Amino acid sequence: MNVVEKRDFIHSHLHRADEKTIDELYEKLRSEEVLKAKLGSRAQKSEHDIQAGRVFSREEIEQRIANPGSR
């Protein structure tokens, strides 16, 4: 069954789903949206850091990895 068929099946049977099933689906979809928003925000912050020159050289990263507690 492809994704379109699955969506059609879910849509046609949604009105018969009990509250528990609806709550589970809602939480799953909501958590995916929250994760997407967090990742988008993190990507934007990273882009701003790069544009502002807040980056580490490869050497600095290697030093940080070699000495993780000495910041």
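Since we're looking at a predicted model, the values are computed, not measured.
Using a 4.0 Å cut-off between charged nitrogen and carboxylate oxygen, Glu60 and Arg64 do not count as a salt-bridge pair. Under the 4.0 Å criterion applied to side-chain N and carboxylate O atoms, Glu24 and Lys28 are not assigned as salt-bridge partners.
By the 6.0 Å contact criterion, CZ on Arg58 is open, its count of non-hydrogen atoms from other residues, nucleotides or ligands being 12 or less. The environment of Glu19 atom CD is sparse: at most 12 non-hydrogen atoms of other residues, nucleotides or ligands sit within 6.0 angstrom. Taking a 6.0 Å sphere around CD of Glu59, one finds it holds 12 or fewer heavy atoms contributed by other residues, nucleotides or ligands.
Summarising the geometry, atom CD1 belonging to Ile10 is positioned 12.0 Å from atom CD belonging to Glu5; distances are rounded to the nearest 0.5 Å. To the nearest 0.5 Å, atom CG of residue Leu14 and atom CD1 of residue Ile22 are 4.5 Å apart. Gln51 CD to His48 NE2: the interatomic distance, rounded to the nearest 0.5 Å, is 6.5 Å. In this structure, Lys20 NZ and Asp23 CG are separated by 10.0 Å, a value rounded to the nearest 0.5 Å.
If you chain together hydrophobic residues whose side chains sit under 4.5 Å apart, Tyr26 and Leu35 never meet in one group. Hydrophobic clustering keeps Phe9 apart from Val4 (ILVMFWY residues linked when any side-chain heavy atoms are closer than 4.5 Å, directly or through intermediates).
Remark: side-chain polar atoms of Thr21 are not paired, donor with acceptor, to backbone N or O of Ala17 under 3.5 angstrom.
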Enumerate donor-acceptor pairs with a distance under 3.5 Å from any side-chain N or O in residues 36-43 to protein atoms, sequence neighbours excluded.
none

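Hydrophobic cluster of Met1: no remaining members, since no ILVMFWY side chain lies below 4.5 Å from it.
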For this session: Before giving the answer on salt bridge (Lys or Arg N to Asp or Glu O under 4.0 Å), spell out for Glu33 and Arg30 the whole-Å C-alpha distance, their side-chain angles and the decisive distance to 0.1 Å.
Result: CA-CA 5 Å; Glu33 289 298 315; Arg30 191 171 80 59; over 6 Å; no

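For His13, the side-chain hydrogen bond (donor to acceptor under 3.5 Å, both in side chains) partners are Arg16, not counting sequence neighbours.
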